[in-house]
Amino acid sequence: MIDLKDVRKSFGKNEVLKGINLHIDKGEVVVIIGPSGSGKSTVLRTMNYLEEPTSGQVIVDGMDLSDKNKLNEVRTEVGMVFQNFNLFPHMTVLENLTLAQINVRKTDKKAANDIAMKLLERVGLSDKANVYPDSLSGGQKQRVAIARALAMKPKVMLFDEPTSALDPEMVREVLDVMKSLADEGMTMVIVTHEMGFAKEVADRVLFVDGGLILEDGSPSQVFDAPTSDRTKLFLSKIL
Ligand code: ADP
Ligand code: MG
């Protein structure tokens with residue numbers, strides 16, 4: 001579903017990705033961990049070309065993202081959820097969920113509303129369709145953001161620290177929605193510090209440091225038998 005081939009990314013003279021090679025199968029759930037500033041978000045953002053690599057190749061669902069003709073199509077297939085929700089504040093929850101369906105997918109309004117309402121039900125927020133994001137808790141906002149991404153019927157979902165901005169009591173409700181997606185076979189790439197979630201849900205865990213993947217294995221391989229000293233040091237600080 002996703003292939004990164006020797007992906008490098010520099011911001012000015014700062015090379016933040018130093019050759020990322022990664023193959024993610026359909027249905028895999030991959031969790032990316034690593035220190036702050038190590039390049040986790042940048043790796044994730046290359047997977048929909050929010051960051052264009054300086055060199056190397058990104059292929060999603062068989063399409064090379066450097067092909068400008070394919071980029072818009074690929075982007076509709078790759079949903080993304082951010083730490084800070086990025087909901088449109090001047091639109092209701094329902095409008096947040098229907099906007100791209102109507103404008104990008106060209107779904108008619110009635111069908112878009114139906115899809116939106118089903119997804120709100122799924123994330124437990126049917127009663128919030130007509131409110132504005134301001135009136136929601138962080139956990140509710142993030143569930144709306146996930147529903148909005150799902151409304152595009154993506155083949156891949158990318159999550160960049162989806163629970164980092166939440167009060168602790170709201171983390172679980174968001175992780176539960178993500179777990180149900182994983183159980184249904186969604187291909188997911190998740191940057192998170194929630195190690196319990198990683199152990200429970202991930203097929204694979206990647207440890208990224210200094211713009212390189214230093215560890216790539218099952219949760220038990222990475223957490224219980226890490227190979228690099230930097231992984232051991234990182235885990236000793238957070239576990
Ligand atoms: P992480 O998500 O692991 O914390 P990032 O991928 O956000 O790390 O950032 C990796 C490095 O790239 C950091 O040094 C960061 O300052 C730098 N960086 C990220 N985005 C930009 C940008 N748009 N412009 C300049 N530097 C950036
Ligand atoms: Mg980040």
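Indexing begins at 1, ligand by ligand and atom by atom, following the structure's order. Counting begins at 1 with the first residue of the sequence.
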K.L.:
Within the structure, does at least one protein heavy atom fall under 4.0 Å of atom 25 (C) of ligand 1?
P.N.:
yes
K.L.:
Using side chain to side chain contact (heavy atoms under 4.5 Å, CB included) as the criterion, point out the one residue from Leu44, Val31, Val191, Ile146 that pairs with Phe159.
P.N.:
Ile146
K.L.:
Got a salt bridge between Asp6 and Arg8, using NZ or NE/NH1/NH2 to carboxylate O under 4.0 Å?
P.N.:
yes
K.L.:
Quick one: does NZ or CZ of Lys9 land under 6.0 Å from the six-membered ring centre of Phe11, within 45 degrees of the ring axis?
P.N.:
yes
K.L.:
Is the distance from the Mg ion (ligand 2) to the nearest N/O/S atom of Gln83 under 2.8 Å?
P.N.:
no
K.L.:
Going by an N to O cut-off under 4.0 Å, is there a salt bridge joining Lys118 and Asp114?
P.N.:
no
K.L.:
Minimum distance, heavy atoms only, to atom 7 (O) of ligand 1: which one of Ser41, Gly211, Gly37 is it?
P.N.:
Ser41
K.L.:
Should Asp216 and Arg204 count as an ion pair when the cut-off is N to O under 4.0 Å?
P.N.:
yes
K.L.:
Starting from atom 27 (C) of ligand 1, which protein heavy atom do you reach first, and at what distance in Å?
P.N.:
Phe11 CD1, 3.2 Å
K.L.:
Counting non-hydrogen protein atoms only, what is the nearest one to atom 8 (O) of ligand 1? Give residue, atom name and distance.
P.N.:
Gly39 N, 3.2 Å
K.L.:
Would you please determine whether Gly34 falls within less than 4.0 Å of ligand 1 on a heavy-atom basis?
P.N.:
no
K.L.:
Run the numbers for me: atoms of ligand 1, each under 4.0 Å from some heavy atom of Pro35, listed by number.
P.N.:
3 (O)
K.L.:
Can you figure out which of Val16, Asp209, Leu50 has its heavy atom closest to atom 12 (O) of ligand 1?
P.N.:
Val16
K.L.:
Do Arg172 and Phe197 form a cation-pi contact, if we require the NZ or CZ to be under 6.0 Å from the six-membered ring centre and within 45 degrees of the ring's axis?
P.N.:
no
K.L.:
Which ligand 1 atoms does Ser36 reach within 4.0 Å, using its non-hydrogen atoms?
P.N.:
4 (O)
K.L.:
Note the single closest protein heavy atom to atom 6 (O) of ligand 1, along with its residue, its atom name and the distance in Å.
P.N.:
Thr42 OG1, 2.5 Å
K.L.:
Ser38 and Asp209: side chain to side chain donor-acceptor pair (under 3.5 Å), yes or no, with the steps?
P.N.:
CA-CA 5 Å; Ser38 59; Asp209 195 10; 5.2 Å; no
K.L.:
Inspect the surroundings of CD in Glu200 and state if more than 12 heavy atoms from other residues, nucleotides or ligands are less than 6.0 Å away.
P.N.:
yes
K.L.:
Considering only non-hydrogen protein atoms, determine which one is nearest to atom 16 (O) of ligand 1 and report residue, atom name and distance to 0.1 Å.
P.N.:
Asn14 ND2, 5.0 Å
